[in-house]
Every structure is written in structure tokens, then in C-alpha cells.
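This report refers to the structure that appears directly beneath it.
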Amino acid sequence: MAKSGETADWQSAVLAQYATGDALGVINRSLYTDHLNGVVSKGAPTNNPQVSGVEPAANPTTVMISDCSDSSNWLKYKDGQLLDDTPGGRRSITAEVKKQQDGTWRVTRFAVEGVGSC
């Protein structure tokens, strides 16, 4: 999403390589909104994802991921100017990643909490 956000490319085929279902829909709508408003993202978040659960334990098909991402250097711009003066920061992210029928793993759902949530 960070890479596609550089141009607000809500139609990027790369997004579907990493997300599907509800997660892909949320990402596409967010990028489409930025596209309509002439907004792009610059920089990138800092992530340190950790596995927080697997199901079933013996042969997982679902993995839960937790992260405390830092968006301080991933901000939105319009017409080359910082969109607002609200700084990014550390925020809790949880994601559900499921094994697909073709054997690949994709994010199916995720939640991003507000700045200061971790």
C-alpha cells in the first residue's frame, strides 16, 4: 500500500498479490479516495510484524500478525505540500493472513488503530 500510495494507484495489480477480500477492498477504497482528492503518500511506514497466533496449530491456514507500526515518515501530500500538520506516529496494527487455494498467503482483514495506540 505504501508503494501504491506514492501515486494513489488504487488499480495497482500488485495490491492483489498481498491482499484479498475485505482487506483489498479497504485498501482500494482508501487509495481511490486519495486519487480523487489529488493526494499522494510520501515516505514509508516502519514495520516490525510478529506472528501472534496460528490456526490450526499443526498445519496453519490462518496466521494472525501484530505490529506497532510507525507512520512518522509516511505522510500525505497534495500539490507537493504536506496535507496537514498532524504528525504520524506509532500505531497498533493487527492482520489476519490466510492461505489461499493456490498456496499463496494474503491479508484478508486488518485493523489500524490510532496514533499512540502502542
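This structure is a prediction, so every number in the text was calculated from the model and none was measured. Throughout, numbering of the chain's residues begins at 1 and tracks the sequence. Heavy-atom basis, side chains included; hydrogens, waters and symmetry copies ignored.
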Margin query: Between Gln100 and Thr20, is the side-chain contact (heavy atoms from CB on, under 4.5 Å) condition met? List the steps.
Written below: CA-CA 10 Å; Gln100 305 299 298; Thr20 191; 3.9 Å; yes

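- Under a cut-off of 6.0 angstrom, the local environment of CD in Gln17 is crowded, with over 12 non-hydrogen atoms contributed by other residues, nucleotides or ligands.
- Few gaps surround CZ on Phe110; more than 12 heavy atoms of other groups in view lie less than 6.0 Å from it.
- Sequence neighbours left out, the pairs with a member in residues 16-44 that pass salt bridge (charged side-chain N to carboxylate O under 4.0 Å, His left out) are Asp34-Lys76.
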What pairs of donor and acceptor atoms, side-chain ones from residues 48-68 against any protein atom, are under 3.5 angstrom apart with sequence neighbours left out?
unit_1, atom_1, unit_2, atom_2, d
Asn48, OD1, Gln50, NE2, 3.2
Ser52, OG, Met64, O, 3.3
Ser52, OG, Ser66, OG, 3.1
Thr62, OG1, Lys98, NZ, 3.3
Asp67, OD1, Asn48, N, 3.0
Asp67, OD2, Asn48, N, 3.2

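- Sorted by first then second residue, the salt bridge (charged side-chain N to carboxylate O under 4.0 Å, His left out) pairs that include residues 109-118, not counting sequence neighbours, are Glu96-Arg109.
- Side-chain contact of Asp102 with Thr104: a donor-acceptor pair under 3.5 Å is present, judged by distance alone.
- In summary, the side chains of Asp9 and Ser4 do not present any donor paired with an acceptor at a separation below 3.5 Å, with no hydrogens or angles considered.
- Among residues two or more places apart in sequence or in another chain, the ring pair (Phe, Tyr, Trp, His ring centres under 6.0 Å) test is passed with Tyr32 by Trp10.
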Next item on the list: Test Leu82 against Tyr77 for side-chain contact (heavy atoms from CB on, under 4.5 Å), laying out the working first.
Entry: CA-CA 4 Å; Leu82 187 60; Tyr77 290 78; 3.8 Å; yes

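- Ile27 and Val112 fall within the same hydrophobic cluster, defined by Ile, Leu, Val, Met, Phe, Trp and Tyr side-chain heavy atoms under 4.5 Å apart, directly or through other members.
- Between the CD atom in Gln81 and the CG atom in Leu83 there is a gap of 10.5 Å [rounded to 0.5 Å].
- Side-chain heavy atoms closer than 4.5 Å link hydrophobic residues (I, L, V, M, F, W, Y) into clusters, and following such links, possibly through other members, connects Trp105 to Val26.
- Put simply, OG1 on Thr7 and CG on Leu31 are 8.5 Å apart, with the number rounded to the nearest 0.5 Å.
- With values rounded to the nearest 0.5 angstrom, Met1 atom CE is found 11.5 Å from Ser12 atom OG.
- Judged purely by atom type and a 3.5 angstrom limit, Thr108 has no side-chain atom pairing as donor or acceptor with the backbone of Val97.
- Remark: Lys78 pairs with no residue by the salt bridge (charged side-chain N to carboxylate O under 4.0 Å, His left out) rule, at least two apart or across chains.
- For Ser41, there are no side-chain hydrogen bond (donor to acceptor under 3.5 Å, both in side chains) partners at least two apart in sequence or on another chain.
- Between the CG atom in Leu15 and the CG atom in Leu24 there is a gap of 6.5 Å [rounded to 0.5 Å].
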